[in-house]
Protein chains: 2
Amino acid sequence: MSLHDQLRDIALAEFASAGYAATSLQRIADLAGTSKASVLYHYASKEQLLADAMAPALDELTAIVRGIGDVAADRGQRLAFLERFVDALLAHRQVVHLIVNQSATQQDVPAFARAQELMRELAAAFELAAGSTVEKLRYGIALAGAAYTLAASDLLGLEGPPDEEVRPALITVMRELLAPAPELKD
Amino acid sequence: MSLHDQLRDIALAEFASAGYAATSLQRIADLAGTSKASVLYHYASKEQLLADAMAPALDELTAIVRGIGDVAADRGQRLAFLERFVDALLAHRQVVHLIVNQSATQQDVPAFARAQELMRELAAAFELAAGSTVEKLRYGIALAGAAYTLAASDLLGLEGPPDEEVRPALITVMRELLAPAPELKD
DNA sequence: TCATGCGCTGACCGATCGGTCAAATACGCT
DNA sequence: AGCGTATTTGACCGATCGGTCAGCGCATGA
């Protein structure tokens, strides 16, 4: 793998685990066994390095959200969206972690602003579909909870089960949440 | 209100909205109309300022988690925990935002390390209660989703309904999630 | 009146940050 | 070999960071 790609992968891992602001170009260079100046040769700036590292995941998630369809009425579309969404979360854990944990407080960084805009779009799509406060919260908890649980599972000490097991479980729980209110009594 | 308390409140608001690392002592001083040196007169260090600002919320949340009881078997205890937990989330939105969004990537900061430990305790309490992967995910999504949705609602553009409306809705949704699996078919 | 101590400040410190630049090196092609 | 391009590097820059320090004004009380 080229140094160019290595730097991008190393940076992504560090940004996700230690934080974008807290990760210096010097540290990325050290981890890659090169110099800070060489990092800035391959990427015009630290911001650009972040943008390049997040781009594939953001592109995929954006496509999913844009093609969300009428998630309110059509149950089939809702389920299809759910599977694509969960797969994307699983495939881009590190970027999801970045989006969930750091985009809110770094909106001056272009890539994080883009991520924030994506989340706003996603919220809007479900906002329209939601009626009562309970329903809005249900969607919010489902989407945020799924993303956050996935992103935090590594850091919180508890190493999650393999993806093959997490995927169907995640879909099951989110399906319960996104289904019309079951009106269960307790 | 004394300058001492003012500084703590201003710092908390800035830490939550702009991020701990991104908030300089100079900015806190400017917002308070004083000097950076005076901030460091009232608080020995930036870390101490954060610790003091987060302490009340962390104390309360810790007490709730410690006295969680047997949340697995006793439905009454589960409900009582839920209400106390939701009330604490609502009462300390800013700190919740800090815990959820920043503690993961700043574990070298004592206050964040404490927050992370608290989250680990909470996870452990439900980890023991949980069996299958689905059940674990259900708990994770409920707790993380509730905290994150609450913390992010301000930033995501959508201003939430008043607390009197959010509180019962939040309890309802979390009750559904924490209840024994309803086994609904879709 | 004068000494004490609290609140506060500007000047300053060393460290680190992201980024620039010119020079050195490596390498493919004719 | 000789040339042009791509890559790499260390030295350096201005800015900003958290934190230190000597000293300021001022209220209090003996």
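Values below: all heavy atoms of this structure, side chains included; hydrogens, waters and symmetry mates excluded. Just so it is clear: chains get the letters A, B, ... in the order the sequence lines come, proteins before strands, and each one is counted from 1. These numbers were taken from a predicted model, which means no experiment stands behind them.
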Within the pair A/S24 and C/dC17, is there a side-chain N or O less than 4.0 Å away from OP1 or OP2?
-> yes
Look at the aromatic rings of B/Y43 and B/H4 and report parallel, tilted or perpendicular, splitting at 30° and 60°.
-> parallel
Which part of the nucleic acid, if any, lies within contact of B/L40, taking any heavy atom under 4.0 Å across all strands shown: a base, the sugar-phosphate backbone alone, or nothing?
->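 Result for B/L40 = base.
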Please work out which residues in residues 48-55 of chain B have a non-hydrogen atom less than 4.0 Å from an atom of DNA chain C and list them by number.
->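 The answer is none.
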Of the nucleotides D/dT8, D/dC17, C/dT20, which one has an atom closest to the side chain of A/H42?
->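 For the A/H42 side chain, the nearest candidate turns out to be D/dT8.
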What is the bend of the helix from C/dT1-D/dA30 to C/dT30-D/dA1 when you compare the axis at one end with the axis at the other, using five pairs each and rounding to 10°?
-> 10°
Charged N to carboxylate O under 4.0 angstrom, A/R8 versus A/D5?
-> yes
Pairing of A/E117 and A/R114 as salt bridge, 4.0 angstrom limit |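 Not counted as a salt bridge, because no side-chain N and carboxylate O are separated by less than 4.0 Å.
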Protein-nucleotide distance (A/R27, atom CZ; C/dA15, atom P), rounded to Å =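 The answer, rounded to whole Å, is 20 Å.
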Interatomic distance where CD belongs to A/Q26 and P belongs to D/dT9 [whole Å] | 11 Å
Kindly give the atom pairs (protein nitrogen or oxygen, nucleotide nitrogen or oxygen) under 3.5 Å for nucleotides 9-12 of chain C.
unit_1: C/dT9; atom_1: OP2; unit_2: B/T34; atom_2: OG1; d: 2.4
unit_1: C/dT9; atom_1: OP2; unit_2: B/S35; atom_2: N; d: 3.2
unit_1: C/dT9; atom_1: OP2; unit_2: B/S35; atom_2: OG; d: 3.0

B/Y20 six-ring face occupied by B/K46 cation (under 6.0 Å, within 45°) =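 Here B/K46 passes the 6.0 Å and 45° test against B/Y20.
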Where do A/H92 and A/M54 land on the side chain to side chain contact (heavy atoms under 4.5 Å, CB included) test, with the steps shown first?
-> CA-CA 9 Å; A/H92 302 286; A/M54 294 182 73; over 6 Å; no
